Student: 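Pasting a structure below so you can have a look.
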Amino acid sequence: MTDRPQTPLLDQIASPADLKRLSDAQLEQVAHELRQETISAVSVTGGHLGAGLGVVELTVALHAVFDTPKDKVIWDVSHQCYPHKILTGRRDRIRTLRMKDGLSGFTKRSESAFDPFGAAHSSTSISAALGFSVARDLGGVTEEGLGDAIAVIGDGAMSAGMAFEAMNNAGHLGKRLIVILNDNEMSIAPPVGALSSYLSRLYTEAPFHDLKAAAKGAVSLLPEPFREGAKRAKDMLKGMAMGGTLFESLGFSYIGPIDGHDMDQLLPVLRTVKARAAGPILIHAVTKKGKGYRPAEVARDKGHATAKFDMVTGEQKKAPSNAPSYTSVFGKTLTDLAAQDSKICAVTAAMPDGTGLNLMAERYPSRTFDVGIAEQHGVTFAAALAAGGMKPFCAMYSTFLQRGYDQVVHDVAIQRLPVRFAIDRAGLVGADGATHAGSFDIAFMANLPGMVVMAAADEAELKHMVATAAAYDAGPIAFRYPRGEGEGVEMPEQPEVLEIGKGRIIEEGSRVALLSFGTRLGEVRKAAEALAARGITPTVADARFAKPLDRDMILSLAEKHEALITIEEGAVGGFGSHVAQLLSEEAVFDTGLKFRSMVLPDTFIDQASPKDMYDSAAMNAEHIEAKVLDVLGVARLDERRLPAS
């Protein structure tokens, strides 16, 4: 196609093996073409752009030097893996990224042998690389073989405790292991904390031009075939001269910082490490997120995640919004409440924009804390803020809150501390797929003694729930809400504080009651309209609370209807299970109530649009309608009326 970049050299690369026959100058040209192809592909699909652009040269160099897939390259988080996918036999499908039945936006073991370990949460790569290294040394067997293990981890991901746990263990074991610290001074938000400052010092205290004589004899380390053209290695390989003392103390040999966009530095260093490394080694590469694409380079988030965009201008093609996003409603409501209550504060883990806390951070910076990619710390930090008399809101995506679950139990729930959990991205999230789905928080929060669990049915309800959480001091409380824009309902001028454990009847009907928890309520109402055309008028109720349940409302619905169906955007074990437990304990099933629970299926659903994902889960309006017809026997009656064939 004419709108695609000219990539004559990249066109000759069917797999990483094809890179082996190219000269260093040609590899540099491949990197240039790979960058253009990545920009072109993401302009069509949308997705994570900046991270991939920052590792183009590193991607080419790694695949040129190492023997993948025998050597395992493990991309931390892996939102930077699009160039890797292009080089590893998936270029023909790269314009299906993040789409239904297309390529995942992250590494995925089932997708390619070149993806040895799946990822989408941060800070797992060093643990995984160490596991591969130990498996190799213990005689483990994989179809592709087991060679070197190379973890590529960003400075943002390095802020998480798990990375240091892995490095500590790796240093103790002393196995040959290669860690590349991709230091772009950006995770999703600008990195925070002492580690970021340390890395910045390493960089500024020894700028590249001062390193030219740092490792005089480095070329002699190279085996004979590599020496030609590798004199540049002496410019970079300075061993410990730079003072990577933090990493050395963990048992790693430290090389760096080097320019991660300079193939003249990357290739010799990687070749030397491949030839000579005996134990764990860390290469500190400084890169630029969004490198080579001006609109990404100047963006606040360096083009972290984009919609489809115009390649020339970088202008994103976002559909006009008909309603405020749930995230923005949370952020604005919390900021307004913070204006009235100086005890309200907020904690997030490297997602101030993603959770809507950027507004709070601008208005009340001393009460807004971004702890970095450290959900465990964030939860315990919030717990102690609560113990200290503050009113902390711990705002995290459902999928990331999973990482702090022990702290939710041990530090918050057992101590009955009033931490307010704002759980964003609840339910199925679309293009990010299974790794980012908020499927489990209803179950894992509602089973904790003393935890209050709410779900907003629309953006107005969310506003009320933020105020309800702010006013609640008796223990921990959580409220969940999905990604994307709201239902377009009228917004109240002032939020109201809801009565804890009380739901609401939306529409009175008969025969069957539909009890919704969360934003499936819109689909429930559509189903009720379709059923009305068949002469069936269900009662529609919004539970609001999974814990404590509105016992009176639920038992009344059970008493007045022949069937009760619960609907929730969560896995089995959540709201519907709590309702079933209540009905069981109250002996309601003994009198013949027909009960069904619509939950997410017992499988991980791959990326697609949210509607398609809920189609896969059988939880859209037509599925709710079918469930009602089935439980009432209407569908079977219709089938009997069909003439025999």
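Note that the coordinates shown come from a computational prediction; the quantities given were computed from them, not determined experimentally.
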Student: Do F479 and V452 touch side chain to side chain, with heavy atoms closer than 4.5 Å?
Tutor: no
Student: Counting C-beta onward and ignoring hydrogens, is there a side-chain heavy-atom pair between T327 and M351 closer than 4.5 Å?
Tutor: no
Student: Report yes or no: do T519 and E487 form a side-chain donor-acceptor pair below 3.5 Å?
Tutor: no
Student: Does the T335 side chain pair with the main chain of G331, one donor and one acceptor, at a distance under 3.5 Å?
Tutor: yes
Student: Just how far is it from atom NE2 of H284 to atom CG of N182, taken to the nearest 0.5 Å?
Tutor: 9.0 Å
Student: Any salt bridge linking R504 with D550? Criterion: basic side-chain nitrogen under 4.0 Å from a carboxylate oxygen.
Tutor: no
Student: Do the side chains of D473 and R416 get close enough for a salt bridge, i.e. N-O under 4.0 angstrom?
Tutor: no
Student: What closest approach, in Å, do A160 and I373 show between heavy atoms, and which atom pair accounts for it?
Tutor: CB-O, 2.9 Å
Student: So H48 and H79, would you call those rings parallel, tilted or perpendicular, with 30° and 60° as cut-offs?
Tutor: perpendicular
Student: Would you kindly say whether R367 and S342 are connected by a side-chain donor-acceptor distance under 3.5 Å?
Tutor: no
Student: Quick check against the 3.5 Å criterion: does E585 have a side-chain atom that pairs as donor or acceptor with the backbone of Q581?
Tutor: no
Student: Does the side chain of H121 come within less than 4.5 Å of Q402's, by heavy atoms?
Tutor: yes
Student: Taking side chain as C-beta onward, heavy atoms only, is I150 less than 4.5 Å from I180?
Tutor: yes
Student: Set out, in order, the CA-CA distance, both residues' side-chain angles and the distance that settles side chain to side chain contact (heavy atoms under 4.5 Å, CB included) for F421 and V379, then state yes or no.
Tutor: CA-CA 9 Å; F421 290 98; V379 171; 4.2 Å; yes
Student: For the side chain of K85 and the backbone of S104, is there at least one donor-acceptor N/O pair under 3.5 Å apart?
Tutor: yes
Student: Is the closest side-chain heavy-atom distance between I477 and P418 below 4.5 Å?
Tutor: no
Student: Is a donor on one side and an acceptor on the other found under 3.5 Å between the side chain of S616 and the backbone of D612?
Tutor: yes
Student: Any side-chain heavy-atom pair from L385 and L417 closer than 4.5 angstrom?
Tutor: no
Student: Looking at R98 and D432, does any basic side-chain N land under 4.0 Å from a carboxylate oxygen?
Tutor: yes
Student: Do R520's NZ or CZ and the ring of Y614 fall within the cation-pi criteria of under 6.0 Å and 45°?
Tutor: yes
Student: Checking D606 against K108 for the salt bridge (charged side-chain N to carboxylate O under 4.0 Å, His left out) test, could you report, in this order, the C-alpha distance in whole Å, the side-chain angles of both residues, the deciding distance, and whether it holds?
Tutor: CA-CA 11 Å; D606 285 336; K108 191 172 184 181; 2.8 Å; yes
Student: Starting from the C-alpha separation in whole Å, work towards a yes-or-no answer on side chain to side chain contact (heavy atoms under 4.5 Å, CB included) for F393 and V466.
Tutor: CA-CA 9 Å; F393 279 75; V466 179; 4.1 Å; yes
Student: Checking the side chain of R420 only, and the main-chain atoms of I344 only, is there a donor and an acceptor separated by less than 3.5 Å?
Tutor: no
Student: Report the distance from atom CD1 of I565 to atom CG of L515, rounding to the nearest 0.5 Å.
Tutor: 10.5 Å
Student: Just how far is it from atom CD of E569 to atom CG of L521, taken to the nearest 0.5 Å?
Tutor: 10.0 Å
Student: Identify the residue among L337, T355, L334 that makes a side-chain contact (heavy atoms from CB on, under 4.5 Å) with M360.
Tutor: L334
Student: Could you report the tightest heavy-atom contact between E375 and F400, atom names first, then the distance?
Tutor: CG-O, 3.4 Å
Student: How far does CD1 of I126 sit from CG of N169, to the nearest 0.5 angstrom?
Tutor: 11.5 Å
Student: Please check if the side chain of D458 supplies one atom and the backbone of E461 the other of a donor-acceptor pair under 3.5 Å.
Tutor: yes
Student: For D441, run the salt bridge (charged side-chain N to carboxylate O under 4.0 Å, His left out) check against R425, K547, R480 and tell me which one passes.
Tutor: R480
Student: Any sub-3.5 Å donor-acceptor pair from T348's side-chain atoms to A395's backbone N or O?
Tutor: yes
Student: Around atom CZ of F589, are there more than 12 heavy atoms of other residues, nucleotides or ligands at under 6.0 Å?
Tutor: yes
Student: Roughly how far, to the nearest 0.5 Å, is the CE atom of M162 from the OG atom of S127?
Tutor: 3.5 Å
Student: Is any side-chain heavy atom of H84 closer than 4.5 Å to a side-chain heavy atom of D115?
Tutor: yes
Student: Once you round to the nearest 0.5 Å, how far does CG of L582 lie from CG of L549?
Tutor: 6.0 Å
Student: For P476 and V412, work out which heavy atoms get closest and say how close.
Tutor: CB-CG1, 3.6 Å
Student: Taking the side chain as every heavy atom from C-beta outward, state whether M167 and F247 have any pair of such atoms under 4.5 Å apart.
Tutor: yes
Student: Measure from the side-chain N and O atoms of T368 to the backbone N and O of P365, and report whether any donor-acceptor pair falls under 3.5 Å.
Tutor: no
Student: Taking all atoms of both residues into account, what is the closest heavy-atom pair of A541 and L557, and its distance?
Tutor: CB-CD1, 4.1 Å
Student: What's the verdict on side chain to side chain contact (heavy atoms under 4.5 Å, CB included) for I567 and L514, showing C-alpha distance, side-chain angles and the deciding distance?
Tutor: CA-CA 7 Å; I567 304 98; L514 300 175; 4.2 Å; yes
Student: Do you know which two heavy atoms are closest between V579 and F595, and how far apart they sit?
Tutor: CG1-CE1, 3.8 Å
Student: Do you know the tightest heavy-atom contact between E568 and S597?
Tutor: OE2-OG, 4.1 Å
Student: Answer yes or no: are there more than 12 heavy-atom neighbours, outside F369 itself, under 6.0 Å from its atom CZ?
Tutor: yes
Student: Has the side chain of Q80 got a donor or acceptor atom that lies under 3.5 Å from a matching backbone atom of S78?
Tutor: yes
Student: With side chain to side chain contact (heavy atoms under 4.5 Å, CB included) as the test, would you mind laying out the steps for F444 and L401 before giving the verdict?
Tutor: CA-CA 10 Å; F444 74 59; L401 182 60; 4.2 Å; yes
Student: Can any side-chain N or O of Q407 pair as donor or acceptor with the backbone N or O of F381 at less than 3.5 Å?
Tutor: no
Student: Quick one: are the ring centres of H436 and F106 less than 6.0 Å apart?
Tutor: yes
